[in-house]
Structures are given as C-alpha cells and as structure tokens.
Number of protein chains: 2
Amino acid sequence: MVEARDRFRSHLARRGLRYTAQRRLVTDATLRREGHYDADDLYEGLRAAGSEVSRATVYRTLGLLRDSGLIKEVLQCRGRASYEAVYGLEHHDHMLCVECGKVIEFRDDRIEELQRRICRRHGFRALEHRMGIRGICKQCAAAQKESGD
Amino acid sequence: MVEARDRFRSHLARRGLRYTAQRRLVTDATLRREGHYDADDLYEGLRAAGSEVSRATVYRTLGLLRDSGLIKEVLQCRGRASYEAVYGLEHHDHMLCVECGKVIEFRDDRIEELQRRICRRHGFRALEHRMGIRGICKQCAAAQKESGD
DNA sequence: CTTGCATTTGAGAATGAGTTTCAATAGCAA
DNA sequence: TTGCTATTGAAACTCATTCTCAAATGCAAG
C-alpha cells in the first residue's frame with residue numbers, strides 16, 4: 001500500500017502535480033477497496049467516513065490514478081464507469097451476467113500471451129486491455145429453464 | 001440483407017412486437033453501414049435521407065437489434081455507445097489508440113476457442129463478448145519518440 | 001370495415017454520469 | 001514573504017440516453 005502510494009506520488013511529481021490531502025484520501029480509499037467500485041461508491045464512502053472531498057475531486061483523482069496505472073476502468077455497467085485495483089495484482093478478465101449483474105472473474109495465461117503476441121504483430125503498445133463476456137450465468141440459465149423460456 | 005431482416009422480424013414476432021415502418025428504416029440503415037456507427041450517426045443519416053424517424057425510436061430500435069443479435073455494442077468511446085454488424089460476419093476484436101482514436105480490428109481463432117472453453121467451464125452462456133486493447137498505435141508511438149517523450 | 005386493445009411513435013422533459021468554470025485556497029520555490 | 005502555479009469545491013453545464021404521455025397505428029376478432 002505504501003509502495004503503491006509512492007508510485008502515485010512519483011507519477012504526480014514527474015508531471016509537476018501535487019500530492020494533496022484530498023488526493024491522498026481518494027488514493028487510500030481505492031487501495032482499501034477490494035473488487036469493483038465506481039466514483040460514487042468512493043465519494044459516499046469518504047463522506048460517510050467524515051472526509052471532506054468533493055465529487056469533482058473524486059472524479060479528477062480517479063482519472064489520475066488510472067493514468068498512473070494504479071487502477072483501471074473495467075466493465076462499463078449501466079452507464080457508470082467502474083474501477084478496480086491493478087497494481088500488485090494479476091490481470092484478470094470478467095464475465096457479466098446480464099440477468100443478475102453478477103461478475104465472474106477469470107484468468108487465462110494463454111489468452112494473455114496471445115494478446116501480447118497480437119500487439120507485437122501490430123506494433124501496438126498496450127496500456128490496458130479488457131475482455132468482457134456478457135451472457136447468462138449458470139444459476140440464471142437454470143432459473144430461466146424452469147420458468148419455461 | 002433480406003435474411004437478416006427476416007431474422008429481426010421473427011425476433012420481434014416471437015415477443016409480440018411489430019415490424020413497423022420506422023423499425024424497418026432503422027434496421028436497413030444499420031445493414032447498409034460498414035464499420036462502426038452510433039445512434040446519432042444513424043439518426044442524422046436517416047434525417048439527411050428524408051426519413052422521418054425520431055431519435056427516441058432510433059435508440060429504441062438499436063436496443064431491439066442488439067437483443068436480436070443483428071448488431072452488437074462495441075467500444076464505449078467518449079461516452080457514446082457504438083455499434084457494428086454481427087450477423088453474417090466473423091467475430092473480431094479491437095485495439096483502440098488512445099492518441100489518435102484509430103481502431104484496429106483483429107481476429108484470433110485461438111482466443112475465440114479459449115473464450116468458449118472458459119464459458120463452458122463456468123456454465124456461462126455467452127451472448128456476446130468483446131475484447132478491447134487500449135494503447136498507442138505504431139504511428140503515434142513513433143511520433144512520440146521523435147518529439148522526445 | 002369497425003371496434004377494441006395493445007403496441008408504437010415523437011416531442012420534449014427528465015435523468016444522471018461526468019466535466020467545466022471560476023473564485024478562493026493551498027503548496028512550494030526563491 | 002512574495003509570486004506563481006496547481007488544486008479545490010460548488011454549482012452550472014454537457015450530452016448521451018431514457019422516460020412520459022398523448023396521439024397514432026397495427027392487428028385480431030366480430
């Protein structure tokens with residue numbers, strides 16, 4: 001966590017930006033989170049904890065955190081961008097059940113490797129990649145079958 | 001094209017919905033398009049061609065077309081949903097250059113196969129999947145190197 | 001062809017995530 | 001301190017998308 005924080009600080013420093021109290025609050029909040037969250041989750045969480053940060057600052061800081069590679073944007077679900085930690089974690093992808101909204105994470109090294117190979121072939125420098133499979137999860141499929149669809 | 005149209009008609013019929021003049025206009029417009037387009041592209045195109053369709057109907061019909069599997073939503077770029085044809089085309093994925101906005105399409109059967117296998121393993125019935133790689137394209141990377149980044 | 005009922009449509013209002021504005025504030029270097 | 005730049009918050013704004021609702025239309029059964 002301290003390491004991640006330092007990484008963000010130097011990202012900011014490198015472009016003449018400041019590591020302010022508000023940015024620290026937002027950063028720490030993202031580092032504490034597990035799984036997915038969106039800007040509003042963070043804002044409400046910070047508010048509830050008595051931290052004074054504006055919505056605008058949360059949005060602005062999330063952008064900076066994304067640029068720094070500490071977090072990344074995942075599934076664009078119901079019009080909201082949601083984020084998750086990147087730093088120090090293995091990459092994984094997502095399956096999203098369109099019925100119940102459940103997110104299943106998975107990881108496949110062979111897919112990762114194939115992606116790298118494709119980028120190399122096109123001279124493309126990947127910053128981030130995401131794979132999302134939208135569909136119906138096991139449980140919802142079973143429920144549908146029962147009610148005769 | 002006629003085949004695709006029929007597919008959509010029966011999708012509608014199956015759920016007691018009507019294949020109206022407006023829905024036909026929007027459907028044909030999407031079938032004529034190549035590559036990516038968004039709701040507004042279609043609306044403006046239809047308007048320019050003298051067709052009387054409202055924005056609301058374009059949005060509504062795009063949703064139906066997506067549900068029917070004729071088109072699918074791709075890259076969520078700059079807050080706009082964009083679409084492309086699915087029916088009768090091979091699946092492919094996208095690389096998006098965050099500098100110039102260029103979209104590079106690619107296709108890899110091994111990735112497709114791995115995706116299918118993962119879904120099977122999780123009992124997940126995939127409706128659609130998309131893989132997007134965000135990064136810097138060859139040309140933009142070269143341009144950056146020159147200007148000393 | 002008429003009647004009845006459900007679906008669809010368009011115009012404009014509403015929604016809501018995200019961004020911008022701008023004046024006040026804070027960080028930092030000299 | 002001084003001066004400059006970056007940052008902040010509140011509120012206004014943007015803009016894609018969705019919703020509302022009254023009018024119009026499609027279709028099935030008489």
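Order of the sequence lines fixes the chain letters, A, B, ..., with proteins taken first and strands second; residue numbering starts at 1 for each chain. From a predicted model like this one, the values you see are computed outputs, not experimental measurements.
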(message) With a 3.5 Å distance limit and no angle check, can you tell me whether B:Asp6 reaches the backbone of B:Glu3 through a side-chain donor-acceptor pair?
(response) no
(message) Tell me the interatomic distance from B:Arg55, atom CZ, to D:dC19, atom P, rounded to whole angstroms.
(response) 17 Å
(request) Decide yes or no on salt bridge (Lys or Arg N to Asp or Glu O under 4.0 Å) for B:Arg55 and B:Glu44, but give the supporting numbers first. (result) CA-CA 9 Å; B:Arg55 212 173 230 110; B:Glu44 295 298 343; 3.6 Å; yes
(message) Across nucleotides 24-30 of chain C, 5' to 3', mark each nucleotide with B, S or - according to how protein heavy atoms within less than 4.0 Å reach it.
(response) --BB---
(request) Check the hydrophobic clustering (I, L, V, M, F, W, Y; side-chain heavy atoms under 4.5 Å; chains of links allowed) and say if A:Tyr19 and A:Tyr59 are grouped together. (result) no
(request) Take A:Glu112 and A:His92 through the test side-chain hydrogen bond (donor to acceptor under 3.5 Å, both in side chains) and record every step on the way to the result. (result) CA-CA 9 Å; A:Glu112 304 293 312; A:His92 59 260; over 6 Å; no
(message) Using a strict heavy-atom distance below 4.0 Å, which residues from residues 57-65 of chain A are in contact with DNA chain C?
(response) A:Tyr59, A:Arg60
(request) Check the pair B:Arg33, B:Thr30 against side chain to side chain contact (heavy atoms under 4.5 Å, CB included), reporting the backbone distance first and the verdict last. (result) CA-CA 5 Å; B:Arg33 292 262 167 181; B:Thr30 66; 5.5 Å; no
(message) Parallel, tilted or perpendicular, judged at 30° and 60°: which one describes the rings of A:Tyr37 and A:Tyr83?
(response) parallel
(request) Would you kindly give the OH-to-P distance between B:Tyr43 and D:dA16, to the nearest whole Å? (result) 13 Å
(request) For A:Gln22 and D:dA10, give me the distance from atom CD to atom P, rounded to whole Å. (result) 11 Å
(message) From the set D:dG9, C:dT8, D:dA16, return the single nucleotide nearest to any side-chain atom of B:Arg80.
(response) D:dA16
(message) Without decimals, in angstroms, what is the distance between B:Glu52 CD and D:dA23 P?
(response) 19 Å
(message) Using a 3.5 Å distance criterion without hydrogens, assess whether the side chain of B:Arg23 forms a donor-acceptor pair with backbone atoms of B:Arg18.
(response) yes
(message) Looking at A:Glu113 and A:Arg117, is any side-chain nitrogen of the basic one under 4.0 Å from a carboxylate oxygen of the acidic one?
(response) yes
(request) Round to a whole Å and report the spacing from CZ of B:Arg23 to P of C:dG10. (result) 10 Å
(request) Specify the separation, in whole Å, of atom CD of A:Glu73 and atom P of C:dG18. (result) 8 Å
(request) Show the numbers, then the answer: is there a side chain to side chain contact (heavy atoms under 4.5 Å, CB included) between B:Met131 and B:Ile111? (result) CA-CA 10 Å; B:Met131 194 176 111; B:Ile111 289 181; 4.2 Å; yes
(message) Tell me the interatomic distance from B:Leu25, atom CG, to C:dT9, atom C1', rounded to whole angstroms.
(response) 13 Å
(request) Using whole Å, report how far CZ of A:Arg24 lies from P of D:dT7. (result) 16 Å
(request) Look at the side chain of A:Ala56 and decide which nucleotide, out of C:dT20, C:dG18, C:dG10, has an atom nearest to it. (result) C:dT20
